[in-house]
Number of protein chains: 2
Amino acid sequence: MTSLRHVAERAQVAVSTASAALNRTRPVAEATRRRVEQAAAELGYRPNLLARGLQSKRTRILALLFPAPHSGFGLTEMQFATGAAEAASELGYHLLLSPESADPMEELRHLTGLGLVDGVLLMEVRLDDERPEFLSESGVPFSMIGRTRDPGSIDYADIDFAATARDAVAHVAGLGHRKLAFFNLSGDTYAAQYGPAIRAAAEFAAAAEEAGLAYVGDFRPGSAEAGGRAFERLMQEHPDVTALAVMDDHAAVGVIAAVARRGWRIPEDLTLLLVLSSARVAEMFHPRLTTLEPPSAELGRLGARMLIDRLQGDGPPQQRLVPCRLVVGDSSAPPREGVMA
Amino acid sequence: MTSLRHVAERAQVAVSTASAALNRTRPVAEATRRRVEQAAAELGYRPNLLARGLQSKRTRILALLFPAPHSGFGLTEMQFATGAAEAASELGYHLLLSPESADPMEELRHLTGLGLVDGVLLMEVRLDDERPEFLSESGVPFSMIGRTRDPGSIDYADIDFAATARDAVAHVAGLGHRKLAFFNLSGDTYAAQYGPAIRAAAEFAAAAEEAGLAYVGDFRPGSAEAGGRAFERLMQEHPDVTALAVMDDHAAVGVIAAVARRGWRIPEDLTLLLVLSSARVAEMFHPRLTTLEPPSAELGRLGARMLIDRLQGDGPPQQRLVPCRLVVGDSSAPPREGVMA
DNA sequence: TAGGTTGTGCGAAACGTTTCGACCACCGTA
DNA sequence: TACGGTGGTCGAAACGTTTCGCACAACCTA
């Protein structure tokens, strides 16, 4: 392990001068600096991050707190991690993957007490999440992927549900549909105040109203079976629904099966949209489903970047909303004739 | 930040004694130890990992080197990460997510030079991968998820392709099939010496032969379209094939579509197996596909654990093979009558 | 009673940085 | 000639641990 002392000796300067020369932290004569830099290069010198962190109180390590892979842990969630890791890496930071234990608060206390990380990246944020408050009080810099009910002046990057809902509604309205139904995430998830579930519910309803579409939004199937049952009940209670947006991959499977059982076809008899699912998943279906793809990696990148910005110096809080990308597949088409309400 | 010095003062002992008491690194009088522990508890003392690491040369941080999400980055790969992170966490270690840049060697050099990590976890290992050699020469402890052609005495955890192929073959043979085809990963992946592609090819062929099944193994479609075309060519050249194992999700989609175009049904006219895909994905299909699910999280856990074992002390190399789990779905059935060869 | 052994605790050094006050030579100016 | 400023460098302290040699008392044994 070659240390700064070796570099200094080889360049015939004091350790402190070598440090200053390499970090350009204070003026050093041009010739000296060159000598030091050459010595460092020749020795393949790498500053020891631990020593540096110990002294400067800054480790350039970020922690991504990710929840236990409880129910379903999708590709989507994982892309937060890879996006954040990439952005961090590009900016000279490292990303620590911290699985959340049974007691998230204790986990946080532990993690931040170690002096190992400069900041924390939160994901899977609930509307009434208590972690942000804890972090604020502890004075630990952090940012969120997702957001609480009232994020105040906390940095966050989240999906723009309003724009996403508008895009979805505009898409089906543009095809001529007059009545839209929306299947939310599972009832449990909704009850747990999971942000996307709550926000999507509100925004889809609002967007439908604004566009003058009739709307049904009170279904929250959490599985393929529940999805199939929900679809049958939907058709019974609202036979005039011609377009359906589903936010749960598995529920969509059930819907598709139920559609087939009924002798119907997609998109001729029903326009089906998949919300918050990756195009990779949408391609698994036949026909290929029209999808509102969440900008997961992008959100991860943004979250990491704004946290790093915050660490560097403090500007105003950054709060970014990014809409889902509408990927039109083969599951959307104008409604069939007979049902025009 | 409360440091060991504070604890020592409050407990009326020297810093070194406090350290010894807390770490039980050398005998300390029972009464003293209790006093120290109580002081530490009252102050909420957390040892500073940086200082500890600087001194002891051990940070208890592992790096997971994960490749850029080039082509497709599946759920499977990501579960390595979460599995490894969990296992590490349970053993008091942390996991650093290190995206691999364009130059993996340089990245490695950089990462290990920093003194930040105790060891490295490699994934996506190619048969002729050069990273293991580099790490061996650098004296950096590491383990692999996957393995090179000749892993020598390096720790690794990998899929047991032989057992997996035997299980798959036994499953279809048990149903009465006489001829099996296998669609490998894409030709590019195969050509790049990606371990799973090469090993699966060899082991499926061997298992089929051993079981006395006729076998076709030279298809490597990399997409839905290619999968469909491959299936059509397969039926043309080998009309007596009644069972097909596919190792690429997207290719499977193409196969299913081609089967439908032909007016056939699954499983009545074709038994279809999905290899190396998660049950979550398999459920997306209709009918639900029989799957050989890779033990991804398990491999991640094993990889982390054996690396930590290696760091603690050195036993013999650990080399673990774990077979895929056969999840029988609705896509496998006895062959239809007419084709019995 | 002298010498050795054991149990317990202390102080100082070390890990590799960064930071900060001090120092020195040199120059321009009064 | 003396003096303040300045650009460049140095040495020492500090960050929070662990480790190691040493000291001291008490106790046992010959």
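Bear in mind the structure is a predicted one, so any value in this text is a computation, not a measurement. Numbered from 1 within each chain, the chains take letters A, B, ... in sequence-line order.
Applying the salt bridge (charged side-chain N to carboxylate O under 4.0 Å, His left out) definition to pairs two or more places apart or across chains, those involving residues 48-65 of chain A are A:R58-A:D118.
A:N23 has its CG atom 9 Å from the C1' atom of C:dT17, to the nearest Å. Atom pair B:E9:CD and D:dG16:C1' shows a separation of 13 Å (rounding to whole Å applied). Atom CG in B:L4 sits roughly 5 Å away from atom P in D:dT17 (whole-Å rounding). The CG-P distance, from B:L43 to D:dG16, rounds to 14 Å in whole Å. Distance, B:R5 CZ to C:dC10 C1': 17 Å, rounded to whole Å. As a whole-Å value, the separation of A:L114 CG from D:dC15 C1' is 16 Å. Per the geometry, CZ belonging to B:R46 stands 13 Å off P belonging to D:dT17, to the nearest Å. When the P atom of D:dT19 is taken as reference, atom CZ of B:R24 falls 16 Å away, rounded to whole Å.
Between A:R149 and A:E133, none of the side-chain N atoms (NZ, or NE/NH1/NH2) sits under 4.0 Å from a carboxylate O, so this pair counts as no salt bridge. With respect to the salt-bridge test (charged N to carboxylate O, under 4.0 angstrom), the residues A:E37 and A:R24 qualify. Between B:R301 and B:E298, no side-chain nitrogen of the basic residue sits less than 4.0 Å from a carboxylate oxygen of the acidic one, so the salt-bridge criterion is not met. The pair B:R46-A:E106 meets the salt-bridge criterion, since a charged nitrogen lies less than 4.0 angstrom from a carboxylate oxygen.
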Its contact letters, B for base, S for sugar-phosphate only and - for none at protein heavy atoms under 4.0 Å, make nucleotides 4-11 of chain D read ----SBBB
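Note on B:S19: a base of the nucleic acid sits closer than 4.0 angstrom, heavy atoms only.
Closest approach of A:R147 to A:L321, counting heavy atoms only: NH1-CD2, 3.5 Å.
Under the side-chain contact (heavy atoms from CB on, under 4.5 Å) test applied with A:L62, the options A:L91, A:L96, A:L311 reduce to a single match, A:L311.
Contacts with DNA chain C (heavy atom under 4.0 Å) in residues 50-62 of chain B: B:L54, B:Q55, B:K57, listed by number.
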